[in-house]
Trainee: 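First the structure, then my questions, so here it is.
Below, all heavy atoms of this structure are taken into account, side chains as well, without hydrogens, waters or symmetry copies. These numbers were taken from a predicted model, which means no experiment stands behind them. Reminder, nothing fancy here: chain letters follow the sequence lines and each chain counts from 1.
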Number of protein chains: 2
Amino acid sequence: MEKKMKRMATMHRLQVTGLELFYQQGYYNTSIDDILGKLSLSKGAFYYHFQSKDDFFISIIQNLVVQKVYGTLVQPIEGKEDPFTAIAQCFEVSLETAEHNELDRGFVLSNFMAEFKGKNPEIMEYFKDVLKVWEVNLISSLQKGKSDGYVDRHVDSSAVATYLISSYIGIRALMVEGNCRTLRYKYMMQLRHYFKMLANKETA
Amino acid sequence: MEKKMKRMATMHRLQVTGLELFYQQGYYNTSIDDILGKLSLSKGAFYYHFQSKDDFFISIIQNLVVQKVYGTLVQPIEGKEDPFTAIAQCFEVSLETAEHNELDRGFVLSNFMAEFKGKNPEIMEYFKDVLKVWEVNLISSLQKGKSDGYVDRHVDSSAVATYLISSYIGIRALMVEGNCRTLRYKYMMQLRHYFKMLANKETA
DNA sequence: TATAAAAAAGACTTATTGGTCTGTTTACAA
DNA sequence: TTGTAAACAGACCAATAAGTCTTTTTTATA
């Protein structure tokens with residue numbers, strides 16, 4: 001019993017630190033020794049738990065990245081009545097968090113996707129899946145918003161979702177070059193304008 | 001005279017192939033030997049012309065990246081009457097080009113910025129400058145659009161520019177995971193809606 | 001043509017990488 | 001307490017990286 005716990009604990013520590021460094025420095029630019037050094041662990045420990053660096057990274061995606069994206073961008077919107085208010089609020093929180101995080105390097109998914117594209121199609125698939133979950137949830141949130149009278153009937157939910165995801169990925173990328181506060185302000189302002197346009201005018 | 005020409009020619013070949021590979025595989029994941037191999041050149045040639053890999057890359061930014069961004073995203077808008085039509089047209093062309101380019105890896109600038117952030121502040125500055133040029137041109141184009149009666153007076157040109165840049169960076173990042181045609185279509189649709197909202201209603 | 005400088009070749013050095021392998025420690029069960 | 005397997009340490013290996021250095025080839029000019 002205790003054994004299994006220890007195994008899990010070490011694996012988890014490795015994964016957390018691994019994601020931290022992969023995110024900050026990039027996957028290919030982070031060595032396994034970098035991670036091990038930070039945890040005072042040895043090669044033996046690493047290869048006892050994981051088959052390879054790639055295998056290790058895939059476990060990180062499945063265990064940490066998925067939950068991170070879901071908890072940040074999906075859950076905060078789920079179940080809310082007005083999708084526009086919910087999405088705007090969710091984005092605002094996320095951008096504020098990034099703004100106050102000195103070590104922010106942009107949106108995890110898009111960074112990794114840029115790094116792995118054309119190099120590791122298998123890993124790319126995992127990222128696509130995570131993106132898809134986000135997209136699907138945005139769409140269904142918007143569709144529900146139509147039924148509930150918040151979203152104009154003529155709105156193309158799928159296209160709006162794409163546009164939202166694009167702009168979010170972009171603003172996160174822009175924010176890594178500093179000036180976060182201003183950027184966030186400008187972005188949120190235009191986002192809310194855009195939403196106002198898509199809102200159901202009859203109810204409003 | 002001929003000597004100077006040969007020097008320039010070799011340097012240029014190295015830079016073009018360098019940018020190609022750096023863009024496709026990432027800077028840190030591309031070795032100098034990769035570039036030299038593609039050109040059948042040797043280490044001696046490289047270090048005769050450039051002091052270091054970083055120095056080489058900076059010369060690429062100054063000579064190729066700047067012009068690429070300018071030619072793709074600034075020039076096509078400059079001087080046009082209606083900024084919204086011009087920008088939409090410019091984005092559409094750019095996205096179509098990316099779509100038909102099998103080797104597209106997203107927007108050069110944002111990719112590199114993600115890779116260099118926190119690692120090489122000097123190089124980051126160069127990217128910031130290029131972005132700034134783009135932003136400034138977008139803003140002045142929108143401002144001019146106000147005078148010419150295309151853009152609503154109440155529009156915050158600076159915020160719109162930020163929003164445009166964000167969404168463009170994002171859609172380019174999204175398109176690397178495939179499905180480009182649909183993504184472009186959805187994106188352009190929403191972009192034009194957004195523009196319609198910002199247009200001067202009196203003239204229209 | 002002779003020659004000196006420019007341009008390029010390519011072997012070499014040093015550092016780092018992912019991964020292997022053997023040996024040691026730790027923790028639990030009998 | 002002792003045996004056994006899990007957990008980990010760390011030396012080692014082959015491959016690859018950026019950068020150096022000496023040597024050779026080109027090329028322009030006197």
Trainee: I would like to know whether A:E115 and B:E115 meet side-chain contact (heavy atoms from CB on, under 4.5 Å); could you show each step before the answer?
Mentor: CA-CA 9 Å; A:E115 197 173 358; B:E115 198 174 358; over 6 Å; no

Trainee: According to side chain to side chain donor-acceptor pair (under 3.5 Å), who are the partners of A:D104, at least two apart in sequence or on a separate chain?
Mentor: A:Y23, A:R172

Trainee: B:W134 vs B:F107 aromatic rings, parallel, tilted or perpendicular, using cut-offs 30° and 60°?
Mentor: perpendicular

Trainee: Identify the heavy atoms of B:L64 and B:H12 that sit nearest to each other, and give their distance.
Mentor: CD2-NE2, 4.2 Å

Trainee: Whole angstroms only, please: what is the CG-P distance between A:L36 and D:dA9?
Mentor: 9 Å

Trainee: What class does the angle between the rings of A:F116 and A:Y28 fall in, given that below 30° is parallel, 30 to 60° is tilted and above 60° is perpendicular?
Mentor: tilted

Trainee: Closer than 4.0 Å, any side-chain N/O of A:T10 to the OP1 or OP2 of D:dC8?
Mentor: yes

Trainee: Heavy atoms under 4.0 Å is the rule here; annotate nucleotides 12-19 of chain C 5' to 3' with B where the base is hit, S where only the sugar-phosphate is, and - elsewhere.
Mentor: -----SBB

Trainee: Determine the interplanar angle of the A:Y168 and A:F91 rings, folded into 0 to 90°, and report it as parallel if under 30°, tilted if 30 to 60°, perpendicular if over 60°.
Mentor: tilted

Trainee: Partners of B:N179 by side chain to side chain donor-acceptor pair (under 3.5 Å), sequence neighbours excluded?
Mentor: B:T182

Trainee: So does A:Y48 get a side-chain nitrogen or oxygen closer than 4.0 Å to the phosphate oxygens (OP1/OP2) of D:dA7?
Mentor: yes

Trainee: Just by distance, with hydrogens left out, do A:Q190 and B:T162 show a side-chain donor and acceptor under 3.5 Å apart?
Mentor: no

Trainee: Taking only side-chain N and O atoms of A:R7, does any of them lie within less than 4.0 angstrom of OP1 or OP2 on D:dA7?
Mentor: yes

Trainee: How are the rings of A:Y27 and A:F57 set relative to one another: parallel (under 30°), tilted (30 to 60°) or perpendicular (over 60°)?
Mentor: tilted

Trainee: What is the distance, to the nearest angstrom, from the NE2 atom on A:H49 to the C1' atom on D:dA9?
Mentor: 12 Å

Trainee: Please work out which residues in residues 55-64 of chain B have a non-hydrogen atom less than 4.0 Å from an atom of DNA chain D and list them by number.
Mentor: none

Trainee: With a 3.5 Å cut-off and sequence neighbours excluded, list the donor-acceptor pairs that the side chains of residues 71-81 of chain A form with protein atoms.
Mentor:
unit_1 : atom_1 : unit_2 : atom_2 : d
A:T72  : OG1    : A:K68  : O      : 2.6
A:E78  : OE2    : A:Y70  : OH     : 3.0
A:K80  : NZ     : A:P76  : O      : 3.0
A:E81  : OE1    : A:Y150 : OH     : 3.3

Trainee: Parallel, tilted or perpendicular for B:F127 and B:F112, by the 30°/60° rule?
Mentor: parallel

Trainee: Once Watson-Crick and G-U wobble pairs under 3.5 Å are found, how is DNA chain C written in dot-bracket notation, 5' to 3', with | for any base paired to another strand?
Mentor: |||||||||||||.|||||||||||||.||

